[in-house]
S.K.: 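Take this structure, written in structure tokens, and hold onto it; I'll ask about it next.
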Amino acid sequence: MKIAFLLLFLTFVGRSFCQQNPFVREGSIGEVKIDIPTRIGPGTLELESWPGQKFILLPKSSDSLGYFLDFEPRLSYREWVGKTLVASKIDKQPAGGQGFRKVHFRSEDGKSITADLIGEGIHEIAPIRDLEFARDRWLGKKIWIKRGDLATWNVEKSEFGSVRFKNCSPVVVTDVVAGWFDLSPIRFIIKVPDGRIGFVDISVSGTNVAEQLREFEHFEKRFMEADPRLTKAWTEETWKAIEDGEVFIGMTSEQVEWSWGKPKKVTQMITARGSEQQWIYHDNRVVFVSEGKVSAAQN
């Protein structure tokens, strides 16, 4: 009983001291930021979760090199393109303490294959679950593309081209296939409003991609699942400028990004108008932003 009373007394004294002492402050300070995930799709499969997962050997624009660089035994392109590998084990250390760690796979016909783990991934493969997710969610669906620019590929000439149209247009995903790059392994074949066809490569989970690059080409960077005009209460003038890829004085920095995309470089400046940012784009276009709005632009 005496011990219980003593503990209660010490608790009361401690609280009284904290309340009276001006140098003690408890609890949160400032607003507490709650991170709300915005990525659509499955979470990233970290290396320890790979065993049992299926991966596809990605196609290429050219098959001249095959899958020679990182796999053992060497895999010829025509024999192995599109084949499935199931991860079975990941070495904790490089063999003999030198070189790269190995990831062990088993092929569809039971062959044992190893691949060098360079950094956080393996070149030329992608998780099949990402492709399955993308096909289930977006195949045949209408979505809205932020930048009206798709790629085309002429296999006879080995040439890329492009399809240009209005930004924030509704497009239809006519097919979902494997892309050429492990950074963005999901290829959307897309029909634009006037019927032309092009493609864009994206990622959904960032699996097999270095952590600092996982946000680079994910779905939300390029597309929206709903008409943005229903969620952004911007003027008709603003929407027309965004659609046509233009900027004007008074546009917000967010609206500039919707129209021109993210700048290559941002520099801080002090001018007669006060503190300004200079947004420099890859094609040498420049936008000056003051207090979150466009103060000048150079097309």
Side-chain angles (χ1 to χ4, degrees), residues 35-61 67 69-71 75 77 80-90 101 103-108 113-147 150-151 153 171-191 197-226:
D35 292 325
I36 301 175
T38 58
R39 178 185 285 279
I40 298 172
T44 304
L45 280 175
E46 303 296 350
L47 284 169
E48 61 270 15
S49 302
W50 281 26
Q53 292 291 329
K54 297 179 179 179
F55 292 81
I56 184 174
L57 284 159
L58 295 173
K60 304 180 183 184
S61 60
Y67 302 103
L69 297 179
D70 306 320
F71 291 91
L75 307 179
Y77 180 79
W80 287 91
V81 60
K83 292 290 181 67
T84 297
L85 302 178
V86 180
S88 57
K89 187 181 73 169
I90 301 171
R101 294 164 61 193
V103 178
H104 300 259
F105 295 95
R106 192 158 295 277
S107 67
E108 296 167 284
I113 296 167
T114 60
D116 290 336
L117 182 61
I118 301 175
E120 300 172 61
I122 297 171
H123 294 313
E124 302 173 323
I125 68 170
I128 288 180
R129 69 163 195 157
D130 287 15
L131 285 157
E132 292 173 339
F133 174 88
R135 179 164 284 193
D136 289 344
R137 189 174 183 102
W138 293 301
L139 180 59
K141 302 292 180 59
K142 179 169 70 172
I143 56 179
W144 280 259
I145 189 166
K146 293 182 179 180
R147 298 278 295 149
L150 299 177
W153 171 247
V171 297
V172 176
V173 181
T174 62
D175 205 356
V176 176
V177 296
W180 295 336
F181 309 105
D182 36 87
L183 178 65
S184 50
I186 298 168
R187 175 161 293 176
F188 283 179
I189 310 298
I190 286 174
K191 180 187 288 187
I197 299 292
F199 71 88
V200 63
D201 294 343
I202 65 161
S203 70
V204 292
S205 77
T207 298
N208 194 42
V209 176
E211 185 174 0
Q212 62 269 29
L213 298 176
R214 288 176 184 172
E215 302 302 312
F216 186 65
E217 292 289 353
H218 67 80
F219 174 86
E220 293 85 347
K221 291 285 186 181
R222 297 297 305 270
F223 298 100
M224 299 157 285
E225 292 188 305

S.K.: How would you list, by chain and number, every residue that makes a side chain to side chain contact (heavy atoms under 4.5 Å, CB included) with P59, sequence neighbours excluded?
M.R.: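 Y77, V81, A178, W180.
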
S.K.: For a quick test of reading the model, state the closest non-hydrogen atom pair linking D136 to K141 and the distance between them.
M.R.: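 Heavy atoms of D136 and K141 come nearest at O-NZ, 4.4 Å.
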
S.K.: If you look at every heavy atom in I190 and T174, which pair is closest and at what distance?
M.R.: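 Result for this residue pair: N-OG1, 4.2 Å.
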
S.K.: Could you tell me if the side chain of V209 sits less than 4.5 Å from the side chain of F181, heavy atoms only?
M.R.: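 When only atoms from C-beta onward are counted, V209 and F181 do not touch, as no gap falls below 4.5 Å.
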
S.K.: Step by step, would you call I90 with R101 a side chain to side chain contact (heavy atoms under 4.5 Å, CB included)?
M.R.: CA-CA 8 Å; I90 301 171; R101 294 164 61 193; 3.5 Å; yes

S.K.: For residues 181-190, which residue pairs qualify under side-chain hydrogen bond (donor to acceptor under 3.5 Å, both in side chains), counting only residues two or more places apart or in two chains?
M.R.: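 Counting only pairs at least two positions apart or across chains, the side-chain hydrogen bond (donor to acceptor under 3.5 Å, both in side chains) contacts touching residues 181-190 are R187-D201.
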
S.K.: I need the minimum non-hydrogen distance between F105 and S88, along with the two atoms involved.
M.R.: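 Looking at all heavy atoms of both residues, the shortest contact is N-OG, 4.0 Å.
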
S.K.: With a 4.5 Å limit on heavy-atom distance, are the side chains of I40 and F133 in contact?
M.R.: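 The answer is yes, as the side chains (C-beta and beyond) meet within the 4.5 Å cut-off.
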
S.K.: What distance do S203 atom OG and K221 atom NZ have between them, rounded to the nearest 0.5 Å?
M.R.: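 If I round to the nearest 0.5 Å, the distance is 10.5 Å.
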
S.K.: Is there side-chain contact between V171 and K191, with at least one heavy-atom pair below 4.5 Å?
M.R.: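 Heavy-atom side-chain distance check fails, nothing below 4.5 Å.
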
S.K.: Can you find a heavy atom in the side chain of F223 that is under 4.5 Å from one in the side chain of V200?
M.R.: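 In short, these two side chains touch, coming nearer than 4.5 Å.
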
S.K.: Classify the angle between the aromatic ring planes of F219 and F188 as parallel (below 30°), tilted (30 to 60°) or perpendicular (above 60°).
M.R.: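 Ring orientation of F219 relative to F188: perpendicular.
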
S.K.: Is it the case that more than 12 heavy atoms not belonging to K54 sit under 6.0 Å from its NZ atom?
M.R.: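 Open.
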
S.K.: Please list every donor-acceptor pair under 3.5 Å in which a side-chain atom of residues 113-124 meets a protein atom from a residue at least two apart or in another chain.
M.R.:
| from | atom 1 | to | atom 2 | distance (Å) |
| --- | --- | --- | --- | --- |
| T114 | OG1 | E72 | O | 3.4 |
| D116 | OD1 | K102 | NZ | 2.5 |
| E120 | OE1 | E211 | N | 3.3 |
| E120 | OE2 | E211 | N | 3.4 |
| E124 | OE2 | K60 | NZ | 2.8 |

S.K.: If you round to the nearest 0.5 Å, how far is CD1 of I143 from CD1 of I145?
M.R.: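 The CD1 atom of I145 sits 7.5 Å away from the CD1 atom of I143.
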
S.K.: Parallel, tilted or perpendicular for W50 and F55, by the 30°/60° rule?
M.R.: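 Geometry flag for F55 against W50: tilted rings.
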
S.K.: Verify, without hydrogens or angle tests, whether E108 (side chain) and T84 (backbone) share a donor-acceptor contact under 3.5 angstrom.
M.R.: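 A pair under 3.5 Å: yes.
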
S.K.: What verdict does the side chain to side chain contact (heavy atoms under 4.5 Å, CB included) test give for I56 and I125, after you've listed the backbone C-alpha separation in whole Å, the side-chain angles of each residue and the deciding distance to 0.1 Å?
M.R.: CA-CA 5 Å; I56 184 174; I125 68 170; over 6 Å; no

S.K.: Kindly list each side-chain donor-acceptor pair under 3.5 angstrom involving residues 41-49, sequence neighbours excluded, with atom names and distances?
M.R.:
| from | atom 1 | to | atom 2 | distance (Å) |
| --- | --- | --- | --- | --- |
| T44 | OG1 | S205 | O | 2.5 |
| E46 | OE1 | R214 | NH2 | 3.2 |
| E46 | OE2 | R214 | NH1 | 3.1 |

S.K.: Which residues satisfy the side chain to side chain contact (heavy atoms under 4.5 Å, CB included) test with R135, sequence neighbours excluded?
M.R.: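 With sequence neighbours excluded, R135 shows a side chain to side chain contact (heavy atoms under 4.5 Å, CB included) to L139, D175, V176, V177, given in chain and number order.
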
S.K.: Restricting to side-chain hydrogen bond (donor to acceptor under 3.5 Å, both in side chains), what partner residues turn up for E225, sequence neighbours left out?
M.R.: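 Partners of E225 under the side-chain hydrogen bond (donor to acceptor under 3.5 Å, both in side chains) test: R137, W138.
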
S.K.: So, taking the atom named NZ in K89 and the one named CZ in R106, what distance separates them when rounded to the nearest 0.5 Å?
M.R.: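 Rounded to the nearest 0.5 Å, the NZ-CZ separation comes out at 11.0 Å.
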
S.K.: At what distance, to the nearest 0.5 angstrom, does CG of L183 lie from CD1 of I202?
M.R.: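 L183 CG to I202 CD1: 12.0 Å, rounded to 0.5 Å.
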
S.K.: Would you say L58 and P185 make side-chain contact, with heavy atoms under 4.5 Å?
M.R.: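 Heavy-atom side-chain distance check passes, below 4.5 Å.
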
